[in-house]
Amino acid sequence: MLPGRAIFSNRSDGVTPMTAHERLPQNRPIQSDFFGAQTAWEMLSEELVQKHITTGCQDLDDILGGGIHCKEVTEIGGVPGIGKTQIGIQLAVNVQIPDEFGGLGGKAIYIDTEGSFMVERAYQIAKACVQDVLSISAIDGKVAETHRKKMNPNVFLANILYFRVCSYTEQIAVINYLEKFLAEERDVKILIIDSVSFLFRQDFDDLALRTRILSEMSLKLMKLAKSFNLAVVLLNQVTTKFTEGSFHLSLALGDSWSHACTNRVILYWNNDERCAYIEKSPSVRSASSGFSVTAEGIRNIIPSHKKIRIL
Amino acid sequence: MAAIKPQNPLNLRAVKCTTGCSKLDALLAGGVPCGLVTELVGESTAGKTQLCLQLVLTALLPKSLGGISSSSLYIHSEFPFPLRRLDALSRSFSQTTSCLPDPPLDHILVRGVHSATDLLAVLDRVHFLMSGPSQSSGQLPIGLIVIDSIAALFRADFDCNAVDMRRRSGMFFAIAVRLKHLASRFGVAIVVTNQVMDILNEEKVRVGNYEYVWSSGRKVGAALGLGWGSCVNVRLFLSKTASSVMTDDNRRKMMVVFGPHLPKGSCEFVIRRHGVFGIS
């Protein structure tokens, strides 16, 4: 990882997107289009040019392998007040950082099941993001000038397509509708559900039905991620599980749900610091990092020993 | 269900209802938000009910004075309903402002509930009130629902075994889904009070900005556990300083435990005959 790239980050392995493109055969064999199949080589080179959505916290981006990945379903879970909604709002803002500044320049879909999406908070985060991007690009005055109009917190807010759902049937209906919606709204690069579990946690008379609905939903979300080159982020609550006489924490919706995501990140408190832990990922090792929720949004933790040194 | 269509966040700025005190409003970024469930946690006599009573009066104020020009529904599970306190408070309120409808108590609907099932039944019928009263009757629409307290409904009827805990948790979410539906569909502010429990060991799961809170010399946290904690949008803690036990000084503290739009912060306050007031 190059130092000082606070706004965006790419993959850090040896093969750069450019070399991957160069190595890509010019005359693609026809059979790779057959049945919608791709060669593994094509898949790899596609993955390498893929940009990731920054969380705003460099340390967290690093353990995620550059940020939140498109085409994948990432589940982020933790106790109330740890900052799940904050991360959701931050991602809905950061996905809009224009291409020229290393972002994806996309729109966001935010499905709010809990009512915690606060516009005033989203405005604060968008404003800080705009300021960060403009201050970095200030070196090149010309570029900044052409984008000054676009780089407005209100434009950022308007590009968050917000759905408020109040029952699990509405949640399913919106997800079913998205296939058609995304075919028209090609700019959408991230789908956030805050939270995926809240409406499913009241007593279901028929637990088998709940399991079936949930697995159908997770398949649909994976399909949306793949076919629209979309990052899907599912925020999840935690529950206390009672096993063998003691309580321990686990993510809500049960064991079968844990297959619903490609990546799984657990947020937790370590004394007074917020931490994130990669529990499951196909591409990066499990690791943990701190993060903080500031007035500007999700950021690195300022290490306490550094604070003391400054004093 | 209406046609599925995304909304533009620019049209969704949250309306707040003033607490009646500018210092507490500053802590809460303007007051109690409409469309969200705000929880007040505290031991008895920490000021939860007093603040709720004050809110049903400030809700009646016009928007120019920070209110929401709305009547309220007060659902209580602790008996009797503190009618005298509300009456006294409304009298002193009427003295300081001429903007309250007369009589203010005519705009506060009170309903007692005896069990969680009872509460669910009430919540399932609340929407009749929302679309119900005609404009001609002079009745203001309901803009605030208070539940005082949620914890009292779960004191009995549930044992500490896996089956009962599961049943209890399912009940929390059934209540919360209904509350949030009302909050979002009708733009009402919801305020729920909760009790505290002692925190004995260090293994306790930390929720929000505080691992535990000192109140009257006890180490406490919110009752009803992680399940109910996942049901509210904003959690505020009301605590009493230890000195207040000895000196009978009625100093309290409001702390932001979590809230999507609120940074960590706190404000001391006192309870006077004419209301709850923050001090700096």
Side-chain angles (χ1 to χ4, degrees), chain A residues 79-83 85-86 89 109-110 112-124 154 157-158 160-170 173-174 176-178 181 185 195 197-204 237-243 247 249 252 268-269 271-272 293-295, chain B residues 1 3-14 29-30 33 35-37 160-162 165-167 169-185 203 205-211 225-235 256-264:
Chain A
V79 292
I82 192 75
T85 298
Q86 304 297 316
I89 294 175
I109 292 179
Y110 203 103
D112 186 5
T113 68
E114 296 194 30
S116 278
F117 182 90
M118 289 294 272
V119 178
E120 59 195 81
R121 182 62 180 142
Y123 184 86
Q124 277 179 344
N154 281 331
L157 285 192
I160 299 173
L161 309 166
Y162 176 84
F163 293 91
R164 175 79 176 94
V165 294
C166 292
S167 67
Y168 77 86
T169 45
E170 275 180 36
V174 168
N176 288 344
Y177 167 69
L178 285 183
F181 185 75
E185 288 275 353
S195 68
S197 48
F198 173 68
L199 297 171
F200 288 93
R201 297 191 64 189
Q202 49 182 320
D203 251 344
F204 263 71
Q237 300 179 333
V238 293
T239 177
T240 30
K241 248 187 173 175
F242 191 75
T243 40
F247 289 101
L249 289 185
Y268 63 97
W269 285 100
N271 297 321
D272 256 344
V293 179
T294 70
Chain B
M1 185 182 158
I4 305 168
K5 231 176 84 186
Q7 291 169 285
N8 183 343
L10 288 174
N11 307 327
L12 298 171
R13 295 201 184 255
L36 276 74
V37 178
C160 190
N161 60 51
M165 293 301 262
R166 198 191 160 82
R167 194 163 64 88
S169 165
M171 199 67 111
F172 291 158
F173 283 92
I175 291 169
V177 165
R178 283 163 176 79
L179 288 177
K180 287 182 175 178
H181 190 183
L182 290 167
S184 128
R185 182 155 165 219
E203 284 169 40
V205 178
R206 172 175 174 158
V207 171
N209 294 325
Y210 302 91
E211 213 165 331
L226 201 52
W228 176 255
S230 305
C231 288
V232 299
N233 299 112
V234 180
R235 172 170 281 177
V256 175
V257 180
F258 61 79
H261 62 304
L262 299 177
K264 182 176 179 175

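All chains are named by letter (A, B, ...) in the order of the sequence lines, taking the proteins before the strands, and each is independently numbered beginning at 1.
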Rounded distance [0.5 Å steps], [atom1] in [X] versus [atom2] in [Y]:
{"X": "B:Leu182", "Y": "A:Cys166", "atom1": "CG", "atom2": "SG", "result": "9.0 Å"}
{"X": "A:Thr85", "Y": "B:Asn233", "atom1": "OG1", "atom2": "CG", "result": "8.5 Å"}
{"X": "B:His261", "Y": "A:Ile89", "atom1": "NE2", "atom2": "CD1", "result": "11.0 Å"}
{"X": "B:Asn209", "Y": "A:Trp269", "atom1": "CG", "atom2": "CH2", "result": "5.5 Å"}
{"X": "B:Phe173", "Y": "A:Ser197", "atom1": "CZ", "atom2": "OG", "result": "7.0 Å"}

Can you check whether [X] reaches [Y] side chain to side chain, under 4.5 Å on heavy atoms?
{"X": "A:Glu185", "Y": "B:Pro6", "result": "no"}
{"X": "A:Arg201", "Y": "B:Ser230", "result": "yes"}
{"X": "A:Met118", "Y": "B:Pro260", "result": "yes"}

* Is there a donor-acceptor contact under 3.5 Å from the side chain of A:Arg164 to the main chain of B:Arg185? ->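 No, the answer is negative, given that no donor and acceptor are paired below the 3.5 Å cut-off.
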
* Asked: Donor-acceptor pair, A:Gln202 side chain versus B:Phe172 backbone, under 3.5 Å?
  -> no

Is it the side chain or the backbone of [X] that comes within 4.5 Å of chain B heavy atoms, both, or neither?
{"X": "A:Tyr123", "answer": "side chain"}
{"X": "A:Tyr177", "answer": "side chain"}
{"X": "A:Glu114", "answer": "both"}
{"X": "A:Ile82", "answer": "neither"}
{"X": "A:Ala122", "answer": "neither"}
{"X": "A:Asn271", "answer": "backbone"}
{"X": "A:Val238", "answer": "both"}
{"X": "A:Phe204", "answer": "neither"}
{"X": "A:Phe117", "answer": "side chain"}

* Asked: Excluding sequence neighbours, so at least two apart, what forms side-chain contact (heavy atoms from CB on, under 4.5 Å) with B:Leu12?
  ->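 Partners of B:Leu12 by the side-chain contact (heavy atoms from CB on, under 4.5 Å) criterion, ordered by chain and then number, come out as A:Val119, A:Tyr162, B:Gln7.
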
* Partner chain B: residue of A:Thr113, A:Asn154, A:Leu199 with the largest heavy-atom pair count (under 4.5 Å) -> A:Asn154

* Picking from A:Tyr268, A:Tyr168, A:Phe198, which has the most non-hydrogen pairs under 4.5 angstrom with chain B? ->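 If we count pairs closer than 4.5 Å to chain B, A:Phe198 comes out on top.
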
* Asked: Which heavy atom of A:Glu120 sits nearest a heavy atom of B:Ala29, and at what distance?
  ->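 For A:Glu120 versus B:Ala29, the nearest heavy atoms are OE2-CB, 3.9 Å.
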
* Asked: Looking only at heavy atoms, which two atoms of A:Val79 and B:Arg206 are closest? And how far apart?
  -> CG2-O, 3.6 Å

* Asked: Between B:Ala176 and chain A, which part of the residue has a heavy atom less than 4.5 Å away: side chain, backbone, both or neither?
  -> both

* Non-hydrogen atoms of chain A under 4.5 Å away: do they reach the side chain of B:Pro9, the backbone, both or neither? -> both

* Would you mind telling me which of B:Arg166, B:Lys180, B:Arg235, B:Lys264 has the largest number of heavy-atom pairs within less than 4.5 Å of chain A? => B:Lys180

* **Listed partners of B:Arg178 passing salt bridge (Lys or Arg N to Asp or Glu O under 4.0 Å), at least two apart** => B:Asp124

